[in-house]
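In what follows, a structure is listed as structure tokens, so that the remarks can point back to it.
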There are 2 protein chains.
Amino acid sequence: MKNYRIVLQYEGTRYQGWQRQGSTENTIQGRLEGLLGKMTGQKVEIIGSGRTDAGVHAACQVANFHLDTEKTPEQIMDYMNAYLPEDIGVIEIKEVGERFHSRLNVKGKTYRYRVLNTKIPHVFDRRYVHVVEEPLDVAAMQKAASYLEGTHDFKAFTSSKRGKKSTVRTIESIRIDQVSASFVWDREIRFTFSGNGFLYHMVRIMAGTLLEVGMHKRKPEEMADILAGGLREKAGELAPARGLTLMEVRY
Amino acid sequence: MKNYRIVLQYEGTRYQGWQRQGSTENTIQGRLEGLLGKMTGQKVEIIGSGRTDAGVHAACQVANFHLDTEKTPEQIMDYMNAYLPEDIGVIEIKEVGERFHSRLNVKGKTYRYRVLNTKIPHVFDRRYVHVVEEPLDVAAMQKAASYLEGTHDFKAFTSSKRGKKSTVRTIESIRIDQVSASFVWDREIRFTFSGNGFLYHMVRIMAGTLLEVGMHKRKPEEMADILAGGLREKAGELAPARGLTLMEVRY
């Protein structure tokens, strides 16, 4: 059995997330496993670097799987791209050592959350941005984000109920950039989160909380209390999935 | 009656082009006129700067229409964006003098044709690019394009059969840039055509012909003969609509 490392891109809009939940659900993992099963006649399990929620996109999701095949990695990639739907693409595939595990070996990840801060519609990017019409105070959001950087217990920033696992994570950086997307949409704000790992819903709860700071519904200083209290209800709302994209997985 | 100038963006994928052809077709013009009719109870005609073909996109299409309304331009824009489908957006609307005519007053237009020159799929931009896997010789295409710049009879570069109207047009510039879209897709080639006007299918036939030069199926020097001969069958194939976007209309 050979071990293959695969890099994937997908638009999450019409999927129920990465993780297979049963045979009837429409998930990225399910689609990939179904296709590799068809290609090989074997039952193949794909291990992702982590789950992405329903509606969340990936520019570079990493996964691995074991396969007994005579095909070259390029032939596997061509086969997959020929039969996958247009909203899932294989952008790289190579054979790796048998010890490589796409989830257990992760050193860090980067997510991007895109906010279009205008009521002028952006037709071409509409599936990848969350629209916020209210003016956003970027400096206040940057100040609030600085409280979240570093190593903290992020229990208040997850929807996960499983109480025994550690909720301590390290966020290396949160960048908030106002980008001039074009002459018309000069109000795109991009949140870039890099860290050693993220809890269930953590990026979207952080984004939602920072947006409330940007709208002056909260003060930046509240972040310290929210972290210390560890209560989900003290943090902000879950920001919509459509604005979130997994950008990079580091090993 | 007030005269309104409107700037529109649309993804052409699921439309049969700009121009209304009857009540049953799905066209951009038909959608807009239907909506304004619903808003006002009047029959409204929208004049576009020009047609775009089925499947062609627009980043900045300009149109105008006359209307008798108490609504402010901003209220009209909000109404339209609330009821238009997500793949059509109004990005600007203002009242203009009664002499403004979006088609007759055009001084120039810019179109962009995007080619993804790799077999690695680009999921997020898939609706806006034409994929060419064969290697493309950018320098040869640039040389060929230089023959097309200037004032010429472009009869060989149109699918229009109407023989009486002038087929002379001036192309101010054709730029061909290899852009590094990202770390994975380093092979995007963008053709940018600026001119005082374009005949039916002209941009797509020029793009198709230039791509054949890029694949070494033709020599750059052939462009002079194709222009001089004026025969459609001597030019290259019509490039697919999906790669084409109307970028700017100048007045």
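By convention in this document, chain letters (A, B, ...) are assigned in the order of the sequence lines, proteins followed by strands, and residues within each chain are numbered from 1. It should be emphasised that the depicted structure is a prediction, and the values quoted were computed from it without experimental measurement.
Of the two parts of B:Y128, only the side chain, counted from C-beta on, holds a non-hydrogen atom closer than 4.5 Å to a non-hydrogen atom of chain A. Residue contact with chain A, scored on non-hydrogen atoms closer than 4.5 Å, involves the backbone of B:V90 exclusively. Heavy atoms closer than 4.5 Å to chain A are found in the backbone of B:I88, but not in its side chain. Neither the backbone nor the side chain of B:D125 comes within less than 4.5 Å of any heavy atom in chain A. Within the 4.5 angstrom heavy-atom criterion, no atom of B:A82 approaches chain A.
Checked against the 6.0 Å centroid threshold, B:F191 and B:Y111 do not count as a close aromatic pair.
Using a cutoff of 4.0 Å between basic side-chain nitrogens and carboxylate oxygens, B:E33 and B:R31 are not scored as salt-bridged. We find that B:D87 and B:R14 are joined by a salt bridge, their nearest charged nitrogen and carboxylate oxygen being less than 4.0 Å apart.
The candidate with the highest count of non-hydrogen atom pairs below 4.5 Å against chain B, out of A:R127, A:E92, A:M77, A:H57, is A:R127.
Geometrically, B:K38 engages B:Y83 in a cation-pi contact, judged by NZ or CZ lying under 6.0 Å from the ring centre and within 45° of the ring axis. For the pair A:K94 and A:Y4, the cation does not sit on the ring face, since its NZ or CZ is not both under 6.0 Å from the ring centre and inside 45° of the axis.
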